[in-house]
Amino acid sequence: MRLVNEGHPAPRSRILTAVLLAATIALGLTSRHYGEQLPPFIAAYAGDALWATMVYWLASIAWPHARTTTLAVIAYGVSFAVELSQLYHAPWIDSIRATRLGALALGHGFLWSDLVCYAVGVALASLIDLALLSLAKPRRRKENTEKMKDDRTNPEQF
């Protein structure tokens, strides 16, 4: 009897992912607020990379069983779509972008460099995710092995 389906990854911890999401948002807002105190390169690009990282964490909360590559494609796809939407300027969406929250969520104008920043942000989140999943695997494997031993020695099961 298999307790873990080898074809599907184990679920991510939504609590840990929510903590990563909150930390990413805090870092992103901090990079915008204190941008003049950061090196110019970091000030210019960190916010966009962290925005895509945030999208990755949101996707992993929504789909905790998804493969890392699937989450990366979703996060980059959403980021790309939002960036492309910045080419569209109608009064209704520009009025949303004029608000602080709207500007943070939707941005203002299309920049090719943002697409590179999004790729970096998604790659960063993917690497962190893979590292966390690899740390969790040995513990899960041990728990599953112990459970299987318990099942074989439990006479009430048969």
Side-chain angles (χ1 to χ4, degrees), residues 4-5 7-144:
V4 176
N5 185 346
H8 298 284
R12 289 162 180 81
S13 165
R14 283 188 166 138
I15 294 171
L16 176 59
T17 305
V19 169
L20 291 168
L21 174 64
T24 301
I25 291 170
L27 284 172
L29 293 173
T30 300
S31 76
R32 294 296 189 209
H33 191 318
Y34 297 105
E36 61 279 345
Q37 297 171 355
L38 296 170
F41 183 81
I42 301 294
Y45 300 114
D48 295 318
L50 290 166
W51 192 90
T53 303
M54 175 197 70
V55 175
Y56 183 95
W57 299 133
L58 287 170
S60 65
I61 289 171
W63 298 286
H65 290 276
R67 296 186 182 283
T68 303
T69 52
T70 302
L71 294 173
V73 168
I74 291 168
Y76 191 76
V78 168
S79 301
F80 190 89
V82 169
E83 189 66 24
L84 282 180
S85 78
Q86 294 172 20
L87 294 170
Y88 176 71
H89 291 282
W92 70 271
I93 197 161
D94 285 342
S95 67
I96 295 171
R97 289 184 181 125
T99 66
R100 181 165 173 80
L101 185 58
L104 289 170
L106 301 176
H108 288 288
F110 178 85
L111 293 172
W112 287 103
S113 62
D114 287 353
L115 299 176
V116 176
C117 292
Y118 298 152
V120 170
V122 169
L124 174 67
S126 298
L127 290 173
I128 292 169
D129 191 31
L130 286 170
L132 292 172
L133 288 172
S134 70
L135 290 173
K137 270 187 183 177
R139 184 177 64 225
R140 285 191 193 109
R141 199 174 295 133
K142 182 179 176 185
E143 290 170 359
N144 290 336

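Index from 1, following the sequence.
- Residue D129 holds its CG atom at 11.5 Å from OG1 of T53, rounded to the nearest 0.5 Å.
- When all heavy atoms of S60 and L71 are compared, the closest pair comes out as CB-CD1, 3.6 Å.
- Formation of a donor-acceptor pair under 3.5 Å by the R97 side chain with backbone atoms of G109 is not found in this model.
- Between Y76 and Y118, the two ring planes are perpendicular [angle over 60°; tilted spans 30° to 60°].
- Rounding to the nearest 0.5 Å gives a distance of 10.5 Å between CG of L20 and CG of L27.
- Between S134 and L130 the shortest side-chain heavy-atom distance does not fall below 4.5 Å.
- No side-chain donor-acceptor contact under 3.5 Å links T17 to the backbone of R14.
- Closest of all the heavy-atom pairs between A52 and A75 is O-CB, 4.3 Å.
- Atom CG of L132 and atom CZ of R12 lie 9.5 Å apart (nearest 0.5 Å).
- What you find for G35 and A43 is that their closest heavy atoms are O-CB, 3.2 Å.
- The distance from atom CG of L50 to atom CG of L29, rounded to the nearest 0.5 Å, is 9.5 Å.
- Put simply, CD1 on I15 and CD1 on I61 are 10.5 Å apart, with the number rounded to the nearest 0.5 Å.
- Side-chain contact between Y45 and V120 is absent, with no heavy-atom pair separated by less than 4.5 Å.
- L38 CG to R32 CZ: the interatomic distance, rounded to the nearest 0.5 Å, is 10.5 Å.
- Between I96 and W92 there is a side-chain heavy-atom pair separated by less than 4.5 Å.
- Judged purely by distance below 3.5 Å, without hydrogens or angles, the side chains of W57 and T24 pair a donor atom with an acceptor atom.
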Decide yes or no on side chain to side chain contact (heavy atoms under 4.5 Å, CB included) for Y88 and I93, but give the supporting numbers first.
CA-CA 8 Å; Y88 176 71; I93 197 161; 3.9 Å; yes
